[in-house]
Amino acid sequence: MIEVKKSNLRGRGGGGFPAGVKWETTKKAPGEPKYVIVNADEGDPGAYMDRSLLEGNPHLVLEGLTIGAYAIGASEGFIYVRQGISPGSGKPAGRP
């Protein structure tokens with residue numbers, strides 16, 4: 001946790017929130033179980049930055065989820081992907 005805070009690693013969202021601060025706050029928060037959620041929703045039309053990471057290097061996403069879960073003491077993790085987009089096409093499913 002200390003190394004992540006010192007590195008100033010930031011999230012991929014628009015705010016670029018420091019990961020170490022988020023992880024430390026979550027680890028200290030009361031309550032069990034704890035979860036990690038990967039939000040792979042493409043909120044910005046035409047951006048496809050989450051899609052390119054998920055399709056190009058999905059194991060990197062799983063590794064990040066696992067490291068984050070370990071750091072905060074989470075017992076489960078989830079990846080949210082918007083329904084209706086077919087893999088690799090960038091188009092809604094069922095469209096040519």
Side-chain angles (χ1 to χ4, degrees):
M1 189 87 61
I2 293 168
E3 293 300 319
V4 174
K5 286 179 76 174
K6 283 184 358 185
S7 75
N8 202 26
L9 177 69
R10 296 187 174 269
R12 293 178 52 87
F17 196 81
V21 173
K22 185 182 289 188
W23 290 2
E24 184 176 57
T25 302
T26 306
K27 183 175 181 129
K28 289 179 180 178
E32 293 291 331
K34 294 187 186 324
Y35 303 95
V36 173
I37 300 172
V38 175
N39 183 3
D41 180 26
E42 295 291 353
D44 298 329
Y48 302 119
M49 88 176 164
D50 297 328
R51 172 182 303 271
S52 64
L53 181 60
L54 286 169
E55 290 179 355
N57 197 348
H59 293 96
L60 188 63
V61 177
L62 294 174
E63 184 179 342
L65 185 148
T66 304
I67 292 169
Y70 178 79
I72 69 167
S75 58
E76 293 186 57
F78 300 91
I79 299 175
Y80 171 76
V81 180
R82 184 186 302 237
Q83 181 181 0
I85 301 293
S86 59
S89 72
K91 299 178 185 173
R95 302 249 172 119

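All values reported here derive from a predicted model rather than from experimental measurement. Just the heavy atoms: all of them, side chains too, but no hydrogens, waters or symmetry mates, feed the values below. All residue numbers refer to positions in the sequence shown, counting from 1.
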What residues form a salt bridge (charged side-chain N to carboxylate O under 4.0 Å, His left out) with Lys5, not counting sequence neighbours? Glu24
Side chains of Trp23 and Met1: does their closest heavy-atom pair fall under 4.5 Å? yes
Any side-chain heavy-atom pair from Ile79 and Leu62 closer than 4.5 angstrom? yes
Other residues, nucleotides and ligands only: do more than 12 of their heavy atoms fall within 6.0 Å of OH on Tyr35? yes
Kindly compute the distance separating CD (Glu76) from NZ (Lys34), expressed to the nearest 0.5 Å. 13.5 Å
The reported gap from NE2 in His59 to CG in Leu54 (rounded to nearest 0.5 angstrom) is 12.0 Å
Going only through I, L, V, M, F, W and Y residues with side-chain contacts under 4.5 Å, is there a path from Ile37 to Val61? no
Connected via hydrophobic side-chain network under 4.5 Å: Ile67 and Leu60: yes
For Ala74 and Val36, the nearest pair of non-hydrogen atoms, with its separation, is CB-CG2, 3.8 Å
